[in-house]
Number of protein chains: 2
Amino acid sequence: MKAFSRLSKRQQHMMRFMHAYTQKRGFPPSIREIGEECDIGSTSVVNYNLNKLVDAGYIERSGKVSRGLRIVGAIPGVTSAQRVIGAVGPHRVALVGRIAAGEPISLPDDIGHHIEEDDYITVPPNLLGSYDASETFALTVRGDSMIDAMIKDGDIVILRRQNTAENGEMVAAWLTEDNETTLKHFYREADGVRLQPANRDYEPIYVHPANCEVKGKVLSVMRSYQ
Amino acid sequence: MKAFSRLSKRQQHMMRFMHAYTQKRGFPPSIREIGEECDIGSTSVVNYNLNKLVDAGYIERSGKVSRGLRIVGAIPGVTSAQRVIGAVGPHRVALVGRIAAGEPISLPDDIGHHIEEDDYITVPPNLLGSYDASETFALTVRGDSMIDAMIKDGDIVILRRQNTAENGEMVAAWLTEDNETTLKHFYREADGVRLQPANRDYEPIYVHPANCEVKGKVLSVMRSYQ
DNA sequence: TTGACGTAAAAACAAATGTTCGTGTATAAT
DNA sequence: ATTATACACGAACATTTGTTTTTACGTCAA
């Protein structure tokens, strides 16, 4: 992919116009519309530069069909480029609640039902891994009980719903006996379950399997300093 | 908005096809393409039903232009209910390079320039605060000097481009003399600038203001455990 | 029946639109 | 100077494509 700034001024103009037009009208502009906007007198010049943009990897064209182009490259300073229609939008994940010491999270009931629109948070795909947004949920961390896991008050953790975990995975675990939910690395051992803090300065917690209920696997964390 | 089930079978077919086509190709189908797919022999019939769909509030048409239609109504069982066009897409932020939080390594000083397509990352709006995506950039953290600031190796930090900073803010600072960039807490002191790592294992760096160029302020952090 | 109405079909038309070809103009490399 | 390359222009051409017109077939009600 050629850098956007390496494109000619005219080609940059075309890119911005094509994006804005598609955004506004719902379908791409025609060659002549592009030429009119970008002060290009000849359709062949527009066609020439469109092919240049194809070579540069910024658009794709469908030959011989009107308005047969789609934007696949990013335009700096402009929202999402690739395929405006049907674009992979921001994934919405259910923000089911807050996780805090002494307040176990009740996941199965809440998810997919009594969720309000505001209870969704936008999550970039790279934070969801290979999972679909529908099988994940988000929690807002309250308190510093998770500070040993590099997660602090106010952080949002993205998890995948699951009741089991592989050794070494970071999970949200509900300690039924202590009535407390925590984020730890999960290890199933001969004598029970070991919950290992990420920070080696902290000691692991050993619990009986019956006292440890896995709620989900941690996929990612988001934190805003504002 | 007329109920989707109240539309004729043919109109429902048209709606599904128009959506799928637009999704796949990046632009709407022509009247004849719709007719071919929906087994309609005459373009006038397609045109007739398209106008019906306009009346029903499911699509909008732009007269006299090829492929001049856009879907505005929801199709049951299919994605994208809300007005696809004009939807707020994921914000794309330039991922300009890697930054050493421990031993600073050189960072290509091409922030805002020479950005490649692959060097963009999708960032949810809430991590950008009140700033626009165009005035921010992202860095991948290398090293553990910020581990006490809850930032660890591999994290992606989102920064706002700015040349000054308030005391205590976390900034990306360019040490001009060493041609290196580092991620530290910023403190302006009587005898110069102190760049304070959060990790107690690391010593603060004292530099002359002329040798310290602030590149940006840290807005947020993303971390994926996968 | 008769008429109104919604739907469907085919053909013809006019405009929009992508493509191609020949030519011109810089700039840089050889 | 010559060649190569990138970029630009205008005109003609061939389809694509939206629109319109005319005709026809149902259903339903008066």
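Quick note on labels: first sequence line is chain A, next is B, and so on, each numbered from 1.
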Check the phosphate of C:dG6 against B:R10, side-chain N and O only, distance under 4.0 Å to OP1 or OP2. Yes or no? no
A:K64 has an atom NZ; how far is it from atom P of D:dC13, in whole Å? 17 Å
Can you find a side-chain donor-acceptor pair between A:Y21 and A:R16 that sits under 3.5 Å? no
Below the 4.0 Å mark, does C:dT19 have OP1 or OP2 next to a side-chain nitrogen or oxygen of A:R61? yes
Per A:K52 side chain, nearest of listed nucleotides D:dC7, C:dG18, D:dT19: D:dC7
How many Å lie between CG on A:L69 and C1' on C:dT19, as a whole number? 15 Å
Closest to the 5' end of DNA chain C, once B:S8 and B:V65 are matched to their nearest nucleotides, is B:S8
Within the structure, does a side-chain N or O atom of A:S66 lie under 4.0 Å from either OP1 or OP2 of D:dT17? yes
Taking only side-chain N and O atoms of A:N47, does any of them lie within less than 4.0 angstrom of OP1 or OP2 on C:dT19? yes
To the nearest angstrom, the CD1-C1' distance between B:I31 and C:dA8 comes to 15 Å
Electrostatic pair B:E33-B:R67, nearest N-O below 4.0 angstrom: yes
Test item: side-chain donor near acceptor, B:R194 and B:N167, under 3.5 Å: no
How many whole angstroms separate atom CZ of A:R32 from atom P of D:dT16? 15 Å
Distance in angstrom units between A:K9 NZ and D:dC7 C1', rounded: 17 Å
A:R160 vs A:V218, test: side chain to side chain contact (heavy atoms under 4.5 Å, CB included). Steps then yes/no. CA-CA 7 Å; A:R160 177 189 183 240; A:V218 174; over 6 Å; no
If you assign each of B:G68 and A:N49 to its closest nucleotide in DNA chain D, which residue comes earlier from the 5' end? A:N49
Between A:F27 (CZ) and C:dG18 (P), how many Å, whole number? 12 Å
I'd like to know if the side chain of B:S66 pairs up with that of A:S66 as donor and acceptor (distance under 3.5 Å, no hydrogens or angles considered). yes
Is there side-chain contact between B:L159 and B:V157, with heavy atoms separated by less than 4.5 Å? yes
Would you kindly give the CG-to-P distance between B:L50 and C:dG6, to the nearest whole Å? 18 Å
Kindly state which residues belonging to residues 37-45 of chain A come within less than 4.0 angstrom of DNA chain D, counting heavy atoms of the residue only, listed by number. A:I40, A:G41, A:S42, A:T43, A:S44, A:V45
Mind calculating the distance between CG (A:L7) and P (D:dA6) to the nearest angstrom? 14 Å
Regarding the side chain of B:Y48, the nearest nucleotide among D:dG18, C:dT20, C:dT7 is C:dT7
Side chain of A:R70, backbone of B:R25: donor and acceptor closer than 3.5 Å? yes
Side chain of B:S30 - closest among C:dG18, C:dT19, D:dG18: D:dG18
